[in-house]
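Report on the structure given below.
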Amino acid sequence: QAQLVESGGGLVQTGESLNLSCAASGFTFSLYAINWFRQAPGKEREGVLCISNSDGTTFYEDSVKDRFTISRDNAEKMVFLQMNSLSPEDTADYYCAAGGWCSESPADMNIWGKGTPVTVSA
């Protein structure tokens, strides 16, 4: 059974960092792009950034370009999202999703995790 499990979310203060993890199982991880989405309370789910199956990074949210870094370990079937200089605007549930390509559209994703909450206090 294909599965993604996020971890690493939590409550931090403005300016602090978090490192989210996404663990994959049950599918050929190395063939998939892994996308991170987030959904703030009362808002639609939005694409944040993606790492392709060839390690290319695509940003969909300009506000994170200088603060977020994505990486993957195909041997361990893991993706990591390092988030620095967090602000209250980053507060959301964060989801990793696997798709055939990088896309900011949730409809293009094949496999979803259940999300991990990130709360940034002012």
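Note: hydrogens, waters and symmetry copies are ignored here, and every other heavy atom, side chains too, is used. Remember, predicted model here, so these are calculated numbers, not experimental data. Residue numbers run from 1 in the order of the sequence given.
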Worksheet item: Quick one: side-chain contact (heavy atoms from CB on, under 4.5 Å) partners of Pro88, sequence neighbours excluded?
Response: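 Pro88: side-chain contact (heavy atoms from CB on, under 4.5 Å) contacts with Thr14, Val120, Ala122.
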
Worksheet entry | Set of residues satisfying side-chain contact (heavy atoms from CB on, under 4.5 Å) with respect to Ser25, sequence neighbours excluded |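 Counting only residues at least two positions away or on another chain, Ser25 forms a side-chain contact (heavy atoms from CB on, under 4.5 Å) with Gln3.
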
Minimum side-chain heavy-atom gap [X]-[Y] below 4.5 Å:
| X | Y | answer |
| --- | --- | --- |
| Val48 | Phe37 | no |
| Ser121 | Val12 | no |
| Glu6 | Leu20 | no |
| Glu89 | Val64 | no |
| Pro106 | Trp112 | yes |
| Met109 | Ser103 | yes |
| Asp90 | Arg67 | yes |
| Ser7 | Thr116 | no |

Please find the pair of heavy atoms, one from [X] and one from [Y], that lie closest to each other, and give the distance.
| X | Y | result |
| --- | --- | --- |
| Leu18 | Gly8 | CD2-O, 3.6 Å |
| Ser17 | Asn84 | OG-OD1, 2.9 Å |
| Ala92 | Ala40 | CB-N, 3.7 Å |
| Ser52 | Cys102 | N-SG, 3.8 Å |

Worksheet item: What residues, two or more places apart in sequence or in another chain, satisfy ring-ring contact (aromatic ring centres under 6.0 Å, His included) together with Phe29?
Response: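 Phe29 satisfies ring-ring contact (aromatic ring centres under 6.0 Å, His included) with no residue once adjacent residues are dropped.
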
Worksheet entry | Partner residues of Tyr94 under the ring-ring contact (aromatic ring centres under 6.0 Å, His included) criterion, sequence neighbours left out |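 Residues passing ring-ring contact (aromatic ring centres under 6.0 Å, His included) with Tyr94: none at all.
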
Any chance you could measure [X], atom [atom1], to [Y], atom [atom2], to the nearest 0.5 Å?
| X | Y | atom1 | atom2 | answer |
| --- | --- | --- | --- | --- |
| Asn19 | Leu81 | CG | CG | 7.5 Å |
| Ile70 | Cys50 | CD1 | SG | 6.0 Å |
| Gln13 | Leu86 | CD | CG | 11.5 Å |
| Glu104 | Asn35 | CD | CG | 10.0 Å |
| Lys65 | Thr57 | NZ | OG1 | 12.0 Å |
| Phe80 | Cys96 | CZ | SG | 11.5 Å |

Worksheet entry | Charged N-O contact under 4.0 Å between Asp93 and Arg45 |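 The answer is no: the pair does not qualify as a salt bridge.
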
Practice prompt. With sequence neighbours left out, write down each residue that passes salt bridge (charged side-chain N to carboxylate O under 4.0 Å, His left out) with Lys114, or none if nothing qualifies.
Written response: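 Once residues adjacent in sequence are excluded, Lys114 has no partner under the salt bridge (charged side-chain N to carboxylate O under 4.0 Å, His left out) criterion.
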
Hey, any chance [X] and [Y] share a hydrophobic cluster, counting ILVMFWY side chains that come within less than 4.5 Å of each other, even indirectly?
| X | Y | answer |
| --- | --- | --- |
| Leu31 | Trp101 | no |
| Tyr60 | Val118 | no |
| Ile111 | Met78 | no |

Item to complete: Scan residues 73-86 for pairs that pass salt bridge (charged side-chain N to carboxylate O under 4.0 Å, His left out), counting only residues two or more places apart or in two chains.
Response: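 Not a single pair qualifies under salt bridge (charged side-chain N to carboxylate O under 4.0 Å, His left out).
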
Practice prompt. Return yes when atom CG of Asp66 has more than 12 non-hydrogen atoms of other residues, nucleotides or ligands closer than 6.0 Å, and no otherwise.
Written response: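 Count not over threshold, so no.
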
Worksheet item: Could you walk me through whether Trp36 and Ile51 pass the side chain to side chain contact (heavy atoms under 4.5 Å, CB included) check?
Response: CA-CA 9 Å; Trp36 282 96; Ile51 187 164; over 6 Å; no

Discussion item. Go through it in stages, so that I can follow the logic: the residues are Phe27 and Leu4, the test is side chain to side chain contact (heavy atoms under 4.5 Å, CB included), and I'd like the CA-CA distance, side-chain angles, deciding distance and then a yes or no.
Written reply: CA-CA 10 Å; Phe27 64 100; Leu4 292 170; 3.8 Å; yes

